[in-house]
Amino acid sequence: MIRRALLVAAREGRADRRQPDGLVAAATFVAALVLLESVVVGPQVARASSVAPALYWIALLFAAIVIAMRSFERELEDDAIDAVLALPGGRDALYAGKLIALLGTLAVVAVGGGVLEIALLDLDIALPGHLLLAAALGVVALPAVVILDVALTLRLRARAALVPVLALPVLVPQLVAATNATALALEGDPSGSLAWSGLLLAIALVYAVLGLTIVPTAIE
Amino acid sequence: MITTAFPRTIPMRIRPALAPASVVAALVATAMALVWAPTDAVQGDVQRVMYVHVPSAWLAYLAFLVVFVASVGWLWSKRPVFDAIAVASAEIGVLFTGLTLIAGSIWAKPTWGVWWTWEPRLLTTAVMFVMYVGYLLLRSLSLDLERRATRSAVAGIVAVVNVPIVHLSVTWMNALHQLPSVLRPGGPALDDRMLATLIVGVVAFTILYAWMLAARVDLERARQDRVLGSLLLKRAAGA
């Protein structure tokens, strides 16, 4: 299954390189949100350690939804999804492959958005190592739920409206943990940041296992 | 010997009694809550909201746990009755989560001075409410019976993760909401008559749940039969 999942992820990577519309849309969305937040609340409020991480993670969450939806839409547009599903273990491989691919693309958007936010808001970073760990685990914690909800709404006409409705409430613990881990890394609280990062890892594992166990049955 | 009589299981035997039992239990619980239970020395009469708020919250937990079990049952066996139970229980759960939030707000205004506060128990309960509204939305937008049931079952299993988070949020985080008064180490921290009233309230709400669930499952099963019947007719016409 791992080999097939990696094949799906590699195919996804190739498709992203040829037609990077999902990546471009997500990166533009994150950049626009960083700029908008500074304009709306003012740079002094936006750079507060309790505000900047929250808006960053909300932006990344929506970026993950944009990337995942675009990825599945591409499959549906040319009926490629039917060929993958017809393979033995195709559903498992599709879920795991999409998960890995979203992880990679989201990491690129997270680095870009993070650098932009740090530069534009002139953020002081007390613990760079902890910040990187929190960012990495935050990126790992989002895709399992996002892919799950996009897969659930596959072939539904109202999926653009339904995915955020389904995903946002489930992702509240991830958002809270990622925001706190990042904020405490900015403020210089190593133990607090590590505790929230640990929670992020636990959540990521729970949803990845849950997703791999039950979601493939719902992919049509 | 061949018999055409449907075997009368225990749930079928007690079913006709659910409606009158529910009405009687509701009347007894109301009388106990308004007359028999003593007035709280600190909060006064507003504390009596607890006799609606706590049973509603219990019922929401129960309903969503039943959604989870029925969802597993559907994925395991593909028997339509499990899907009917899941949707019936989810609708009742959403109704009673809404009632929990409203009753909590009515209690909070005179006690905390606000209708709503950003407190872990309130926040996680509101998130649970939105989550199951999303579950019902997902169901309503899927037309095919089997696909809808499978999608909903996955959503029902994922959403149940929030139930223990709601219940334990007051012990995990610094919360304004009071800690558990009944299910706590060292026994309940309530006056005996208050505790008895609360227990009767919980029993009354549970009977009400069983009645509503049975009625809603019947409706859903009839709808499933209609859909399956029309499908069979279409197939027969096509053949």
Side-chain angles (χ1 to χ4, degrees), chain A residues 50 54 65 72 85 91-92 95 141 143-177 179-180 192 195-196 198-199 202-220, chain B residues 64 68 71-78 82-83 86 90 94 97 118-166 168-169 172-174:
Chain A
S50 57
I65 291 174
F72 275 99
L85 294 180
R91 285 176 166 76
D92 295 345
Y95 178 77
V145 175
V146 172
I147 294 286
L148 186 156
D149 286 319
V150 176
L152 279 186
T153 55
L154 205 63
R155 299 186 206 268
L156 283 182
R157 282 185 190 157
R159 65 178 177 275
L162 203 50
V163 170
V165 171
L166 291 173
L168 293 181
V170 181
L171 285 164
V172 167
Q174 286 89 321
L175 279 181
V176 171
T179 301
N180 281 314
W196 284 107
L199 184 61
I203 293 170
L205 286 174
V206 166
Y207 279 107
V209 171
L210 198 60
L212 281 169
T213 312
I214 57 171
V215 176
T217 57
I219 299 177
E220 300 140 12
Chain B
F64 295 144
F68 168 72
S71 299
V72 173
W74 163 262
L75 290 180
W76 190 267
S77 69
K78 301 283 179 192
F82 285 117
D83 184 52
V94 166
T97 309
W118 294 100
E119 190 270 347
R121 173 62 71 81
L122 271 67
L123 181 62
T124 50
T125 306
V127 166
M128 185 168 77
F129 179 74
V130 175
M131 218 180 250
Y132 282 93
V133 169
Y135 169 92
L136 293 176
L137 198 59
L138 177 68
R139 288 193 67 92
S140 69
L141 291 171
S142 310
L143 298 175
D144 181 88
L145 202 141
E146 187 174 345
R147 285 178 182 170
R148 176 175 56 199
T150 305
R151 282 184 181 130
S152 312
V154 172
I157 291 170
V158 172
V160 83
V161 173
N162 204 40
V163 173
I165 293 178
V166 173
L168 296 170
S169 59
W172 285 347
M173 293 170 252
N174 289 329

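Keep in mind that what you see is a predicted model, and the values were worked out from it rather than measured. First the proteins, then the strands, lettered A, B, ... as listed; each starts at 1.
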(request) State, yes or no, whether a side-chain contact exists between B/Leu141 and A/Thr153 at a heavy-atom distance under 4.5 Å. (result) no
(request) Answer with side chain, backbone, both or neither: which region of A/Val172 has an atom nearer than 4.5 Å to a non-hydrogen atom of chain B? (result) side chain
Nearest heavy atoms of [X] and [Y], plus distance in Å:
{"X": "A/Tyr207", "Y": "B/Val158", "answer": "CE2-CG1, 3.8 Å"}
{"X": "B/Arg151", "Y": "A/Leu154", "answer": "NH2-O, 2.7 Å"}
{"X": "A/Pro169", "Y": "B/Val127", "answer": "O-CG1, 3.4 Å"}
{"X": "A/Pro173", "Y": "B/Ile165", "answer": "CG-CD1, 4.4 Å"}

(message) Using the side chain to side chain contact (heavy atoms under 4.5 Å, CB included) definition, which of the options B/Thr150, B/Val72, B/Val154 pairs with A/Ile214?
(response) B/Val154
Check each atom of [X] against the heavy atoms of chain A and say whether the ones under 4.5 Å are side chain, backbone, both or neither.
{"X": "B/Phe129", "value": "neither"}
{"X": "B/Val161", "value": "side chain"}
{"X": "B/Leu75", "value": "side chain"}

(request) Output the option from A/Leu168, A/Leu162, A/Thr213, A/Val165 having the highest count of non-hydrogen pairs under 4.5 Å with chain B. (result) A/Leu162
(message) Run the ring-ring contact (aromatic ring centres under 6.0 Å, His included) test against B/Phe64 and tell me which residues pass, sequence neighbours left out.
(response) B/Tyr132
